[in-house]
Amino acid sequence: MARLRRSFFNRPTVTVARQLLGCYLVRRMGNRVIRVRIIETEAYVGPKDKASHASRGSTPRTQVMFGKAGCLYIYLVYGMYYCLNVVTEREGYPAAVLIRSSVKLGPSSFFVPYGTKNEQNGFEISGPGRVCRALKIDKRLHGEDSVVSRQLWFEKGKLSQNEKIMTGKRIGIPYAGRWQHKRWRFYIKKPSDRTIHWV
DNA sequence: GATAAGATCATCT
DNA sequence: GATGATCTTATCA
């Protein structure tokens, strides 16, 4: 599988957020490799986006958002859960994509995008906190460069023909004023049929 | 099924 | 000292 390069992330954040759908997130810890397929993302775009942690300028926590595209921005929310973001756009312009949900592939190598918890076929990991828990992601990976990392990186993936991209408002940001209404959440539409798709 | 409350701490005011 | 880019459990219906 082809690793996503810096040029993939060094583009408009909304574009990256859309194109990450169907791509893979790969976590390696020693011998063990966990691969999941990304099915939901959110875009946090620029210094004016009141929903973004970077809207108050660069701080020790947020400075990686101002850095190189492809680096990981990881933070703790509500005292107990980590959230994984990947930095986008040019250096100096703070932006990132939050990875909200994924599907872990089963040993059978095909997957059901939504709705199953069957380990044989793969199961959904929905919610940014759960994604990080499932992939054992914590602050130690904050600032890691996914373009060259041996611990966590992204690989190219596709949407199947009957998968469509849906948009919606971002979750959990009622304080963000007019920015809360931006439809910068992206997810793969639940197929109306129950067909199983090949990867 | 839906809604509400509690957990728990780094970061910022 | 207040506040979350959240999730789980409890308590309803």
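Chain letters run A, B, ... following the sequence lines, proteins first, then strands; residues in each count from 1.
- In this structure, CE of A:M80 is placed 12 Å from P of C:dT9, rounded to the nearest angstrom.
- In this structure, A:H53 places its NE2 atom 11 Å from P of B:dT11, rounding to the nearest Å.
- OP1 or OP2 of B:dT11 sits under 4.0 Å from a side-chain N or O of A:K139.
- In this model, the phosphate group of B:dT11 is not approached by any side-chain N or O of A:T59 to a distance below 4.0 Å at OP1 or OP2.
- Regarding contacts with the backbone of B:dT11, every side-chain N or O of A:R56 stays at 4.0 angstrom or more from both OP1 and OP2.
- In the set B:dT8, C:dC7, C:dT8, C:dT8 carries the atom at the smallest distance from any side-chain atom of A:R130.
- Remark: A:R170 CZ to A:W184 CH2 distance equals 5.5 Å, nearest 0.5 Å.
- In this entry the distance linking CD1 of A:I74 with P of B:dT11 reads 13 Å, nearest Å.
- A:Y73 does not carry A:R61 over the face of its six-membered ring by the limits of under 6.0 Å from the centre and within 45° of the normal.
- Considering only heavy atoms from C-beta on, A:F8 stays 4.5 Å or farther from A:V147 through its side chain.
- Taking atom CD of A:Q180 as the reference point, atom P of C:dG4 lies 12 Å away to the nearest angstrom.
- Atoms CZ (A:R170) and P (C:dT6) sit 12 Å apart, rounded to a whole Å.
- When both pairing distances are held under 3.5 Å, B:dT13 makes no Watson-Crick or G-U pair with any nucleotide shown.
- Look at CG on A:L98: it is 11 Å from C1' on C:dT6, rounded to the nearest Å.
- Pair check for B:dT8 finds none; no Watson-Crick or G-U wobble contact set falls under 3.5 Å.
- We find that A:E155 and A:R35 are joined by a salt bridge, their nearest charged nitrogen and carboxylate oxygen being less than 4.0 Å apart.
- In this structure, A:R133 does not reach the C:dT6 phosphate: none of its side-chain N or O atoms is under 4.0 Å from OP1 or OP2.
- Among the atoms of the strands shown, only primed sugar atoms or phosphate atoms (P, OP1, OP2) are found under 4.0 Å from some heavy atom of A:R61.
- Nucleotide B:dG1 has C:dC12 as its partner under the Watson-Crick or G-U criteria, with both atom distances under 3.5 Å.
- Aromatic stacking of A:Y78 on C:dT6: satisfied, with centres closer than 5.5 Å and planes within an angle under 30 degrees.
- Using a 4.0 Å heavy-atom cutoff across all strands shown, A:I171 reaches sugar-phosphate atoms only and no base atom.
- Between A:Y93 and A:E91, the side chains place no donor N or O within less than 3.5 Å of an acceptor N or O (distance only, hydrogens not considered).
- Between the CG atom of A:L76 and the P atom of B:dA7 there is a distance of 17 Å, rounded to whole Å.
- One interatomic measurement links the two molecules: CD of A:E40 to P of C:dC7, which rounds to 10 Å at whole-angstrom precision.
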